[in-house]
Amino acid sequence: MTHCTSPRSHILTAFTALICLHAPRLWAEPAPVAISAFNTYTQSIEARLAQQHRSSANFLSVDTDAQALARLRRGELILEKLTPSQVETSGALIHHWRGTAFAPGATAADFEHLLTDFNAYPKNFSPEVLQAKLITQQGGHTFASMRVRQRHVITVVMDSTYDITSGQLDAHHGYSISRSTSISELDTKTNRALTTTEEHGFLWRLNTYWSYEERDGGLYLQIESVSLSRAIPTGLGWAISPYVESIPRESLDFTLRSAVAAIRK
């Protein structure tokens, strides 16, 4: 006998699975092997980007055919999932996405100002960024903090600190490397930092890599985002995977669109 499941049943099961993800777990901290895997993964990305950033010929990882460039100049975003499949290691997932956009009329100097003006982040990246603060800055090395609120099926608020390194190939080509040094989940009602046994593992690590190139009457922006989050409970992949995969993609889309809008102003 064939068992038929109604759409309502699918929605209910998915919602129940999300509640399971939202419930506190004693293993909310990532395992050392997961952190090691994340560090190894990001080191390979940084080695590849360091090679790219040595030459203006291949400064961006973007298809240079006329069709792709025309799409970007029409205002489209090109978003790519770079993890060939879900990279799972010891109760954790690695997510790797890349997004590319074009800001007509913008310059490399415009974008560099946008990246370093932390006081304006709550305005330029509203409503996700609630607070942003420069902690220290010396040359191309910066420490900064940020409070971010993300709304999907549920609302999550996080305080994070970042170690940021920036540099230039020349006046038209630049890059920024941001590595999270701490991420704390907050109680959405009181803004109290949750303990390690209360946190849910929505985001354990986040590295972002900006590359930008001024040409064709504007600025090409590219961001790669690599994050580490809690793995999906066994047996719930069919219900949870689309939701979990959508979060880094939507965040990348939002960040790129906000950046383009801000520097075009």
Subject >> Test side chain to side chain donor-acceptor pair (under 3.5 Å) applied to Tyr212 and Glu112, Gln222, His173, the passing residue >> reply: Glu112

Qualifying residues under side-chain hydrogen bond (donor to acceptor under 3.5 Å, both in side chains), relative to [X], sequence neighbours excluded:
X: Arg179; value: Glu46
X: Tyr175; value: none
X: Thr40; value: none
X: His141; value: Asp163

Original post:
Are there more than 12 heavy atoms of other residues, nucleotides or ligands under 6.0 Å from atom CG of Asn58?
Top reply: no

**OP:** Might you point out which heavy atoms bring Leu169 and Ser55 nearest each other, and give the distance in Å?
**Re:** CD2-C, 3.7 Å

Subject >> Residue pair Leu228 / Pro30: nearest heavy atoms and the distance that separates them >> reply: CD2-CB, 4.3 Å

Please enumerate all residues that pass side chain to side chain contact (heavy atoms under 4.5 Å, CB included) together with [X], with sequence neighbours excluded.
X: Arg48; value: Ile45, Gln52, Ser61, His96, Arg98, Glu224
X: Leu256; value: Leu77, Leu79, Ala101, Trp210, Leu221, Ile223
X: Thr107; value: Ala109, Asp110, Glu214
X: Arg192; value: Asp187, Thr190, Leu194, Glu198

Rounded to the nearest 0.5 Å, what separation is found between the [atom1] atom of [X] and the [atom2] atom of [Y]?
X: Ile183; Y: Leu203; atom1: CD1; atom2: CG; value: 4.0 Å
X: Leu93; Y: Trp204; atom1: CG; atom2: CH2; value: 8.5 Å
X: Leu252; Y: Ile247; atom1: CG; atom2: CD1; value: 13.5 Å
X: Glu185; Y: Phe202; atom1: CD; atom2: CZ; value: 5.5 Å
X: Leu82; Y: Ser225; atom1: CG; atom2: OG; value: 10.0 Å
X: Leu60; Y: Ser211; atom1: CG; atom2: OG; value: 6.0 Å

**OP:** Only pairs at least two apart or in different chains count here, so list each salt bridge (Lys or Arg N to Asp or Glu O under 4.0 Å) that has a residue in residues 50-61.
**Re:** none

Original post:
Which residues satisfy the ring pair (Phe, Tyr, Trp, His ring centres under 6.0 Å) test with Phe102, sequence neighbours excluded?
Top reply: Tyr220

Is a side-chain donor or acceptor of [X] paired with a backbone partner of [Y] at a separation under 3.5 angstrom?
X: Thr181; Y: Thr161; value: yes
X: Thr42; Y: Phe38; value: yes
X: Ser180; Y: Leu206; value: yes
X: Asp216; Y: Gly218; value: no

Subject >> Connected via hydrophobic side-chain network under 4.5 Å: Leu186 and Val148 >> reply: no

Show the atom names and distances, to 0.1 Å, of all donor-acceptor pairs under 3.5 Å that link a side chain in residues 118-134 to residues at least two apart or in another chain.
residue: Tyr121; atom: OH; partner: Leu115; partner atom: O; Å: 2.6
residue: Asn124; atom: ND2; partner: Ala120; partner atom: O; Å: 3.4

With the side chain counted from C-beta on, respond yes when [X] and [Y] share a heavy-atom pair under 4.5 Å apart, and no when they do not.
X: Arg205; Y: Ile35; value: yes
X: Gln150; Y: Thr155; value: no
X: Met158; Y: Ser184; value: no

Subject >> side-chain hydrogen bond (donor to acceptor under 3.5 Å, both in side chains) evaluation trace for Ser229 with His95 >> reply: CA-CA 8 Å; Ser229 71; His95 313 269; 2.8 Å; yes

**OP:** Applying side-chain hydrogen bond (donor to acceptor under 3.5 Å, both in side chains), run through Asn39 and Tyr41 and close with a yes or a no.
**Re:** CA-CA 5 Å; Asn39 290 339; Tyr41 190 90; over 6 Å; no

**OP:** Give the C-alpha distance, both sets of side-chain angles, the deciding distance and a yes or no for side-chain hydrogen bond (donor to acceptor under 3.5 Å, both in side chains) between His172 and Ser56.
**Re:** CA-CA 9 Å; His172 301 290; Ser56 60; over 6 Å; no

**OP:** Sort and list the pairs that fulfil ring pair (Phe, Tyr, Trp, His ring centres under 6.0 Å) and have at least one residue in residues 246-265, not counting sequence neighbours.
**Re:** none

